[in-house]
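Inspection log for the structure reproduced underneath, given as structure tokens.
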Amino acid sequence: MKEETTGARTTGKHFIEDAIEADLASGRFDHVQTRFPPEPNGRLHIGHAKAISIDFGMAAEYGGKCNLRFDDTNPTKEETEYVDAIKEDIHWLGYDWEEREYYASGYFEQLYQWAVQLIKSGKAYVCDLGADQVREYRGTLTQPGRESPHRGRPVVENLDLFNRMRAGEFPDGARTLRAKIDMASPNLNMRDPVMYRIMRAHHHRTGDAWCIYPTYDYAHGQSDSIEGVTHSLCSLEFEDHRPLYEWFIRELGIFPSRQIEFARLNLTYTVMSKRRLLDMVEQDVVRDWDDPRMPTLSGMRRRGFPPEAIREFLKRVGVAKADTVIDYELLEHCVREDLNKRVPRVMAVLRPLKVVIENYPEDKSEEFDAVNNPEDPSAGTRKVPFSRVLYIEQDDFREVPPPKYFRLTPGREVRLRAAYFIKCTSVVKDETGAVTELRCTYDPATRGGDAPDGRKVKATIHWVSEAHAVEAEVRLYDHLFLKSNPDDAPEGLDWKSNLNPKSLETLTGCKLEPSLTGAKPGQRFQFERLGYFCVDPDSVAGKPVLNRTATLRDEWAKVQARMKAVG
RNA sequence: UGGGGCGUCGUUCAACUGGCAGGACCCAGGACUUUGGAUCCUGUUAUGAAGGUUCGAGUCCUUCCGCCCCAGCCA
């Protein structure tokens with residue numbers, strides 16, 4: 001029954017599947033309807049993607065539907081711009097709500113009528129306490145609250161006052177409508193929670209039609225009920241709210257949606273709260289919500305992460321109730337696994353070092369056929385031009401090679417990928433002693449990369465012909481934070497003290513092979529031996545900008561790190 | 001200290017509801033290699049603790065310990 005995936009062979013079903021199946025078996029519900037309820041006050045991140053995959057995934061698994069519903073009950077924080085961005089992100093991830101696009105604000109009138117109903121049945125009252133007083137009356141974790149002096153207000157008076165709240169007769173914050181439940185409840189959410197507040201703010205959908213707005217607690221469950229949501233799946237912090245969620249539905253006698261909570265996703269080396277992400281955007285720590293370093297879906301898209309990889313990642317992460325922090329490496333693994341299969345290989349030199357092949361004719365140039373993807377023969381080959389002057393990676397040459405270094409070094413022969421063997425004969429340096437150029441010779445008999453005499457080389461390096469190179473800007477990204485847990489900060493400092501000052505490195509003057517001419521934003525490549533790269537929207541004709549999506553796994557880097565660690 | 005949750009390899013998810021604790025990521029070796037990539041083998045490490053029930057406990061019972069969430073007119 002369960003879907004088999006490449007790496008995550010799952011056996012048992014998770015607790016939400018168990019619950020749904022039990023509900024179907026018992027007849028509590030005869031179908032499955034879910035919803036994804038974002039608040040349009042920021043961009044979606046990978047944590048939301050987990051919720052999306054669960055909400056849409058459970059509906060799909062049990063032949064049901066999933067609605068998109070914007071939870072827009074707080075006009076002071078919400079914007080249409082976010083609504084549009086959220087829709088784009090969900091579609092990009094690969095999910096579709098068809099015509100079922102709803103808004104909690106679309107239910108404002110019904111919610112108001114239900115509030116009137118609760119007032120009439122003596123379950124809600126208008127309270128004149130201010131915010132500070134409400135807090136005082138609420139009590140503490142260990143002490144019960146005190147009842148509001150307005151709790152016993154007669155129904156007619158409540159009706160009149162609530163009506164006048166809506167009519168705009170009172171200033172912001174002057175009164176609230178509260179549910180009459182139990183000020184002594186050990187669950188603070190049940191201590192007469194606020195249902196409506198007076199707030200003169202322009203709403204992105206209802207404009208200035210309302211000056212009172214329902215709170216999350218009063219709006220969410222009823223919205224679920226209106227939509228016939230059977231399973232309202234949300235994150236753990238709402239567990240305490242479930243009794244209230246059920247109380248409203250019961251008192252109103254409406255469709256009994258069931259709320260089930262799961263643990264939210266956390267990733268190492270990043271932060272996941274919208275508040276913090278917004279903070280980084282506003283403080284210009286990053287360029288915007290779609291900065292490729294951000295854990296937002298738009299950031300990951302720009303970074304070059306395929307949606308399929310994100311979905312596979314989410315599948316492997318699983319669904320449970322224990323607080324979790326997933327290794328960023330798992331995400332990276334899924335991205336590499338996906339890209340390795342699908343993306344064309346290409347040669348690019350990020351930090352160029354000039355190489356002159358002394359025995360290659362000055363006016364000559366030729367083309368080699370290079371394999372586009374060794375994982376996929378159907379991807380074919382492409383032509384790569386070769387000539388006397390080339391660029392190789394600075395890292396691929398060492399005048400004095402460290403132990404286990406296989407690449408080019410004076411007197412040593414290596415292979416230029418898909419071309420010839422070359423041997424370094426001499427080194428040209430500037431006044432400071434820095435290597436500026438290499439003089440090499442090539443062996444014409446090794447054309448294509450194999451020596452007829454059977455001799456082997458220890459390394460194959462990538463290269464780009466100077467005369468044919470496309471100049472590019474390349475942006476290298478690293479974790480936004482230095483520590484796997486950004487909150488692990490010294491006394492008196494906060495998460496921002498762990499920001500990685502080198503999370504972005506911009507390289508200019510990079511050399512790309514000419515087949516990249518005309519590459520469009522969003523196109524992805526593997527730069528051989530370097531990593532996966534994606535064309536950035538900042539690119540202009542003849543001046544491409546590439547984002548590094550992920551590096552390749554790098555044995556040499558590990559060897560170096562180990563040698564360094566040893567001393 | 002009130003209430004609500006959660007504790008299985010370093011990380012994450014499993015274990016047919018009492019029957020050999022398994023997979024993936026990470027890590028370490030090795031094979032292969034025209035990417036120090038990919039791929040393929042091999043390997044290390046876990047049931048928070050103590051009692052109890054039982055032929056047998058990750059699963060049941062008791063006690064303890066630890067971690068997370070809640071005192072917004074945010075969601």
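Because the structure is predicted, anything quoted here is derived from the model rather than measured. Proteins get letters first, then strands, A, B, ... in listed order; numbering begins at 1 in each.
- Donor-acceptor pairing under 3.5 Å, judged by distance alone, is absent between the side chain of A/His14 and the base of B/rA14.
- In terms of phosphate contacts, A/Arg529 brings a side-chain nitrogen or oxygen within less than 4.0 Å of OP1 or OP2 of B/rG36.
- Atom NZ of A/Lys341 and atom P of B/rU39 are 10 Å apart (whole Å).
- Within the nucleic acid shown, A/Gly531 has no heavy atom closer than 4.0 Å to any nucleic acid atom.
- In a base pair of the Watson-Crick type (N1 to N3 plus N6-O4 or O6-N4) or a G-U wobble (N1-O2 and O6-N3), with each distance short of 3.5 Å, B/rU8 is matched with no nucleotide.
- For A/Arg553, no side-chain nitrogen or oxygen approaches OP1 or OP2 of B/rU39 to under 4.0 Å.
- A/Arg407 contributes a side-chain N or O that forms a donor-acceptor pair with the base of B/rG36 under 3.5 Å.
- Within the 4.0 angstrom heavy-atom criterion, no nucleotide atom of any strand lies near A/Phe70.
- On the P atoms, B/rC16 is 13 Å away from B/rG58, given to the nearest whole Å.
- Among the protein residues, A/Thr140 comes within range of the nucleic acid bases, having at least one heavy atom under 4.0 Å from a base atom.
- Under the 90° criterion around 0 for the glycosidic angle, B/rU35 counts as anti.
- Nucleotides B/rC68 and B/rU62, compared at atom C1', are 25 Å apart to the nearest Å.
- Counting atom types as modelled, A/Asp327 pairs a side-chain N or O with a base atom of B/rG10 as donor and acceptor under 3.5 Å.
- Residue A/Arg197 has a polar side-chain atom (N or O) positioned under 4.0 Å from OP1 or OP2 of B/rC74.
- Taking atom C1' in both B/rC9 and B/rG36, one finds a spacing of 29 Å when rounded to whole Å.
- The distance from atom CD of A/Glu332 to atom C1' of B/rU12 is 17 Å, rounded to the nearest whole Å.
- In terms of heavy-atom proximity, A/Gln259 sits nearest to A/Phe238 at NE2-O, 3.0 Å.
- Distances shorter than 4.0 Å separate none of the side-chain N or O atoms of A/Ser185 from OP1 or OP2 on B/rG3.
- In this entry B/rC27 has B/rG43 as its Watson-Crick or G-U wobble partner, both defining distances falling under 3.5 Å.
- Rounding to whole angstrom units, CZ of residue A/Arg382 and C1' of B/rU35 are separated by 12 Å.
- Residue-to-nucleotide contacts include no donor-acceptor pair under 3.5 Å from the side chain of A/Glu329 to the base of B/rU11.
- Nearest-nucleotide positions on RNA chain B place A/Asn373 closer to the 5' end than the other of A/Lys77 and A/Asn373.
- For A/Arg412, the CZ atom is densely surrounded, since the number of other residues' heavy atoms within 6.0 Å is greater than 12.
- Residue A/Ile326 is classed as a sugar-phosphate contact, given heavy-atom separations below 4.0 Å to backbone atoms only.
- Residue-level contact check: A/Lys458 touches neither bases nor backbone, having no heavy atom under 4.0 Å from any strand.
- In terms of phosphate contacts, A/Lys558 brings a side-chain nitrogen or oxygen within less than 4.0 Å of OP1 or OP2 of B/rC27.
- The CD atom of A/Glu555 sits 11 Å away from the C1' atom of B/rA28 (whole-angstrom rounding).
- Counting any heavy atom pair closer than 4.0 Å across all strands shown, A/Leu314 reaches no nucleic acid atom.
- For A/Lys483, the NZ atom is densely surrounded, since the number of other residues' heavy atoms within 6.0 Å is greater than 12.
- The base of B/rG36 does not come close enough to the side chain of A/Asp554 for any donor and acceptor atom to sit less than 3.5 Å apart.
- The base of B/rG37 sits within donor-acceptor range of the side chain of A/Glu375, with an N or O pair under 3.5 Å.
- Among the heavy atoms of the strands lying under 4.0 Å from A/Asp240 is at least one base atom, whether or not backbone atoms are also near.
- Only the P atoms considered, B/rU53 is 27 Å distant from B/rG66, to the nearest whole Å.
- Across every non-hydrogen atom of A/His462 and A/Val349, the tightest pair is CD2-CG2, 4.0 Å.
- Counting any heavy atom pair closer than 4.0 Å across all strands shown, A/Ala131 reaches a base atom.
- Between A/Thr446 and A/Thr142, the residue anchored nearer the 5' end of RNA chain B, judged by the nucleotide with its closest heavy atom, is A/Thr142.
- Within 4.0 Å of A/Pro144, counting heavy atoms only, lies no atom of the nucleic acid at all.
- Taking every side-chain heavy atom of A/His333 into account, B/rC25 is the closest of B/rC25, B/rG3, B/rU12.
- Between B/rA50 and B/rC41, the two C1' atoms lie 43 Å apart (nearest whole Å).
- B/rG18: no Watson-Crick or G-U partner with both key distances under 3.5 Å is found in any strand.
- With both ends at atom P, the span from B/rA28 to B/rG18 equals 41 Å, rounded to whole Å.
- At whole-Å resolution of the value, CZ in A/Phe15 and C1' in B/rC6 are 11 Å apart.
- A donor-acceptor contact shorter than 3.5 Å links the side chain of A/Arg336 to the backbone of A/Thr551.
- Using a 4.0 Å heavy-atom cutoff across all strands shown, A/Asp450 reaches at least one base atom of the nucleic acid.
- B/rG52 and B/rU59 have their P atoms separated by 14 Å, given to the nearest Å.
- A donor-acceptor pair is defined here as one N or O able to donate and one able to accept, closer than 3.5 Å; no such pair exists between the side chain of A/Thr324 and the backbone of A/Ile326.
- If you check every strand for non-hydrogen atoms under 4.0 Å, A/Phe238 touches a base.
- No contact: A/His462 has no heavy atom under 4.0 Å from any strand.
- For B/rC64, the paired base is B/rG48 (Watson-Crick or G-U wobble, both distances below 3.5 Å).
- When distances run from any side-chain atom of A/Pro186 to the nucleotides B/rG2, B/rG37, B/rA75, the shortest one goes to B/rG2.
- Look at B/rG4: its glycosidic torsion is beyond 90° from 0, and that puts it in the anti range.
- A/Asp369 places no side-chain N or O within donor-acceptor distance of the main-chain N or O of A/Lys383, the cut-off being under 3.5 Å.
- Of the options A/Tyr213, A/Trp210, A/Phe170, A/Phe162, a ring pair (Phe, Tyr, Trp, His ring centres under 6.0 Å) to A/Tyr196 is made by A/Phe162 and by none of the others.
- Contact between the side-chain N/O atoms of A/Arg138 and the OP1/OP2 oxygens of B/rC73 is found at a separation under 4.0 Å.
- Counting only heavy atoms from C-beta outward, the side chains of A/His220 and A/Ser223 never approach each other to under 4.5 Å.
- Here A/Glu239 lies in heavy-atom contact (under 4.0 Å) with sugar-phosphate atoms only.
- Going from atom CZ of A/Arg316 over to atom P of B/rG23 covers 14 Å, rounded to whole Å.
- Nucleic acid contact for A/Val371: none, since no nucleic acid atom lies under 4.0 Å from a heavy atom of the residue.
- Contact check on A/Asp554 versus A/Arg529 returns no salt bridge, with no Lys/Arg side-chain nitrogen under 4.0 Å from an Asp/Glu carboxylate oxygen.
- Evaluation of A/Trp556 against the base of B/rG36 yields a stacking contact (centre distance < 5.5 Å, interplanar angle < 30°).
- When the C1' atom is compared between B/rC60 and B/rU17, the two are found 11 Å apart, to the nearest whole Å.
- Remark: the A/Arg345 side chain and the B/rU35 base include a donor-acceptor N/O pair separated by less than 3.5 Å.
- Comparing B/rC73, B/rC74, B/rA71 against the side chain of A/Thr176 picks out B/rC73 as the nearest.
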